[in-house]
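What follows is a short report on a single structure.
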Amino acid sequence: MKILIGGAWPYSNYKLHLGHAAGLIGGDLLARYHRAKGDDVIYVSGSDCHGTPITERAKKEGISPAEISEKYHNLFVEAFDALNFSYDLYTKTETDYHKSHVMEIVKKMYDNGYIYEKIEPQAFCPTCNKFLADRELQITCPNCGRVTKCDSCDCGYVPTEKDQEGATCTDCGTKAIKKDNKNLYIALSKMQPEIEKYVAEKKSNWRINAQNETEKYLREGLRDRAITRDLNWGIDVPVPGYEDKKLYVWIEAVLGYVTASLKVCEERGLNFDDYWKNPNSKIYMVHGKDNITFHTLIFPGILFALQDGMRFPDVIVSSEYLNFNDEKISKSKGNAKPVKEFCDEYNSDTVRFHLINNGPEKKDTSFNVLDYVTVHNNEITNKYGNFVNRTLKFKGISEIPQGKMDEDIKALILKAYDEVSHDIETLEFKEASSKVIRLIEDANKYYDDRKPWVQFKEEDKSEFNNTIYTCAVLIANISNLMEPFMPASSAKIREWLKIEKATWNYIEVEPGISLENVDVLFTKFDEKDVIAKIKAEAKEQEKRRKEEEKLAQKEGAKLEEITIDYLDKVSLKVAKILSCEKVEGSEKLYKLMVSLGNEERQIVSGLQKYYKEEELIGKKVVLVANLKPAKLKGVESNGMILAAGDGDNVKVLLVDDSINEGESIS
């Protein structure tokens, strides 16, 4: 069977973290499984090098978008290699091959009448003189109250169009306005009947979240979507009159499945149509839940618009989110654990296993380092590694003995192939991995029940030979079954037992194979060392967070530009502090009496951490005199004293003693 597997294309603007890996590892599992079955597999993905996320990261790091995308693309390759992903091609959207083929495809869609021009109002920054994407707009999140970009907030809330009213430009702080903009749109609404028919036929092969999300959008009615945008980084628009725009990243990224698989076919002399136009082929799409509609609605729409017999994806493998230590993974929180570093620190095979066995298949799950270490030590090292070690390193033997295979154990192995196969093909990867562990548990029970250490001492060693041979066959078949989950250790076992490649069928081993090169398969981690490491990392993470907060405070939020008339609304006056005392029940606030010359006022100010009472008395300070009265800890405050600092070091703004109290500051 021809199998095409597409793994989602991550933005090349940050290191690949465990959350990314959890959503993508199902693709490698499927590729290894189908190869073991003897299917012809093309497994592709690549780095998404274009769009606003890349230009934003480039600004932050002070280098060009081309340099930033290349930097993180190379880091992605290292990360996928560390996890032993077996892509047939991992490429990037910045290649000339991808760009030229995408432009050809988009031009064909345009010529076929499924792309058209439309003018609509769009957010625009009059100061920067540019149209703004959602990620270039900033608001206060109505859900959590924190400042966020308008594409999504760290709390999980996705701002609506109404929420964006009053949004400001992230670059300069200016309030965005609406301005007409000309763009090309894909006519998804025109294709709704065809897409509905496709969804009805295929959705039973999808994860439930993909079914629900897709049907929700179909019920609401598909909306035409802009495929062009105002940006100077990306792929050119192959339509006259759009020389100042680029293709939206979402359309060219999903077309990467087409361009990458075409490249593989050209390089290997394969027929592209066998994978994309063959009714007997199977097409998988593997991604996180935030990418569902791009793969179930938009990508099929693009393929339909080509009008050349391209088949739509058969199976949608859409994961929920992986959290880290019960917190949402976020670059701003500093808990986005990089894959490469984690694999280097621990064990790539057991990291893979835990990402699958604890994976977010049907609901969000959390990756906890101590939980992972427990699985590595107890489930894998104690059960699997120990079984392999005590069989193949049994003291007194140097080769696989000539023995008879236990028929009951053979039946268990055959059953495991069938059950694990069924679970994988129904996207129950967690259950599939658990079933392999259950076979390992059965293998250990067989070993313990047979007591080969007793059998070895008997004069007739036939029963001992039968036991060790049966266990060796178990190990060979477990390595096949573990190939999709833990390929590195499976490859080691194949090398020891002289097995050419992983296959998805019962195999036996040749008696007489030398065991002199057999080594320890897994070693345990010291939990005390791991806990110490976690505490040290948490401390360092908190330190970085505080430093970033200080830096953000220092740089200040981007402010909307104002006219001189706006300043007339603020009354700044010189005030002299007459008395100072702590506010009862507060470790931060002082209650101050200040003189404005012709009147005295009570002010509450958060200066307790920075000044002793006597250090403030007699000082002349700047007071916002027309601030609306407010109560802090039940004490009324009639103004605000101006101060500056970074959070740790704060000083009030002082006025020269020669200036009289009550004088206006302008």
For this session: Sort out for me which residue in Y447, Y469, F394, W453 forms a ring-ring contact (aromatic ring centres under 6.0 Å, His included) with F464.
Result: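 One option only clears the test, and that one is F394.
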
Exercise. Under the criterion side-chain contact (heavy atoms from CB on, under 4.5 Å), which of T214, N209, I208 is the partner of N212?
Worked result: I208

Are a donor atom and an acceptor atom from the side chains of [X] and [Y] found within less than 3.5 Å of each other?
{"X": "N368", "Y": "S366", "answer": "no"}
{"X": "T259", "Y": "H101", "answer": "no"}
{"X": "Y33", "Y": "S421", "answer": "yes"}
{"X": "S434", "Y": "N357", "answer": "yes"}
{"X": "N444", "Y": "R390", "answer": "yes"}
{"X": "Y90", "Y": "S47", "answer": "yes"}
{"X": "T293", "Y": "E213", "answer": "no"}
{"X": "Y11", "Y": "H50", "answer": "no"}
{"X": "N382", "Y": "K524", "answer": "yes"}

Would you mind reporting whether [Y] and [X] have side-chain heavy atoms less than 4.5 Å apart?
{"X": "F456", "Y": "K395", "answer": "no"}
{"X": "N389", "Y": "L521", "answer": "no"}
{"X": "I5", "Y": "V317", "answer": "no"}
{"X": "F353", "Y": "M482", "answer": "yes"}
{"X": "Y506", "Y": "V473", "answer": "yes"}

Exercise. Taking the six-membered ring where the residue is Trp, are the ring centres of Y284 and H34 under 6.0 Å apart?
Worked result: yes

Problem set entry | CA sep, side-chain torsions, deciding dist, call: E441, K383, salt bridge (charged side-chain N to carboxylate O under 4.0 Å, His left out) | CA-CA 7 Å; E441 290 169 346; K383 293 179 182 178; 2.6 Å; yes

What is the distance from atom [atom1] of [X] to atom [atom2] of [Y], rounded to the nearest 0.5 Å?
{"X": "F294", "Y": "L297", "atom1": "CZ", "atom2": "CG", "answer": "10.5 Å"}
{"X": "D349", "Y": "M486", "atom1": "CG", "atom2": "CE", "answer": "5.5 Å"}
{"X": "N74", "Y": "E70", "atom1": "CG", "atom2": "CD", "answer": "4.5 Å"}
{"X": "S433", "Y": "R352", "atom1": "OG", "atom2": "CZ", "answer": "12.0 Å"}
{"X": "L4", "Y": "D314", "atom1": "CG", "atom2": "CG", "answer": "9.5 Å"}
{"X": "S318", "Y": "N291", "atom1": "OG", "atom2": "CG", "answer": "10.0 Å"}

Closer than 4.0 angstrom, basic N to acidic O: yes or no for [X] and [Y]?
{"X": "K404", "Y": "E463", "answer": "no"}
{"X": "R207", "Y": "E320", "answer": "no"}
{"X": "K445", "Y": "D449", "answer": "yes"}
{"X": "K2", "Y": "D39", "answer": "no"}
{"X": "K533", "Y": "D526", "answer": "no"}
{"X": "R438", "Y": "E431", "answer": "yes"}
{"X": "R450", "Y": "D406", "answer": "no"}
{"X": "K277", "Y": "D274", "answer": "no"}
{"X": "K340", "Y": "D344", "answer": "yes"}
{"X": "R32", "Y": "D28", "answer": "yes"}
{"X": "K435", "Y": "D418", "answer": "no"}

For this session: Please name the pair of heavy atoms, one in L24 and one in G7, separated by the smallest distance, quoted to 0.1 Å.
Result: CD2-C, 4.3 Å

Exercise. Minimum heavy-atom separation for I316 to A210, with atom names?
Worked result: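 It is CG2-CB, 3.7 Å.
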
Ring geometry between [Y] and [X] (parallel below 30°, tilted from 30 to 60°, perpendicular above 60°):
{"X": "Y87", "Y": "F80", "result": "perpendicular"}
{"X": "H354", "Y": "Y372", "result": "tilted"}
{"X": "F525", "Y": "Y346", "result": "perpendicular"}
{"X": "W504", "Y": "Y417", "result": "perpendicular"}
{"X": "F299", "Y": "W276", "result": "perpendicular"}

Exercise. Regarding K337 and the six-membered ring of F367, is the cationic atom NZ or CZ under 6.0 Å from the ring centre and inside 45° of its axis?
Worked result: no

Exercise. Are K263 and Y97 in a cation-pi contact, defined as NZ or CZ under 6.0 Å from the six-membered ring centre and within 45° of the axis?
Worked result: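 Verdict for Y97: a cation-pi partner in K263.
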
Exercise. Does the pair D364 and K289 meet the rule for a salt bridge (charged side-chain N to carboxylate O under 4.0 Å, His left out), with working shown?
Worked result: CA-CA 10 Å; D364 293 356; K289 67 179 175 183; 3.4 Å; yes

For this session: List the steps and the verdict of side chain to side chain contact (heavy atoms under 4.5 Å, CB included) for Q455 and T467.
Result: CA-CA 9 Å; Q455 294 172 337; T467 300; 2.8 Å; yes

Check whether any side-chain N or O of [X] sits under 3.5 Å from a backbone N or O of [Y] as a donor-acceptor pair, and report yes or no.
{"X": "E361", "Y": "F429", "value": "yes"}
{"X": "D88", "Y": "Y43", "value": "yes"}
{"X": "H376", "Y": "V351", "value": "no"}

For this session: Decide yes or no on side chain to side chain contact (heavy atoms under 4.5 Å, CB included) for D40 and M1, but give the supporting numbers first.
Result: CA-CA 6 Å; D40 294 325; M1 182 183 252; over 6 Å; no

Exercise. What do the steps show when you test N480 against I507 for side chain to side chain contact (heavy atoms under 4.5 Å, CB included), and what is the final call?
Worked result: CA-CA 9 Å; N480 278 344; I507 58 173; 3.5 Å; yes

Problem set entry | Partners meeting salt bridge (charged side-chain N to carboxylate O under 4.0 Å, His left out) with E201 (sequence neighbours left out) |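 If we apply the salt bridge (charged side-chain N to carboxylate O under 4.0 Å, His left out) test to E201, skipping adjacent residues, there are no hits.
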
Problem set entry | Check against side chain to side chain contact (heavy atoms under 4.5 Å, CB included), T296 and K203 | CA-CA 9 Å; T296 63; K203 68 180 182 181; over 6 Å; no

Problem set entry | Test salt bridge (charged side-chain N to carboxylate O under 4.0 Å, His left out) applied to E483 and R494, R35, K501, the passing residue | R494

Problem set entry | Residue pair Y198, W206: steps toward the ring pair (Phe, Tyr, Trp, His ring centres under 6.0 Å) verdict | CA-CA 12 Å; Y198 153 67; W206 302 355; 5.7 Å; yes

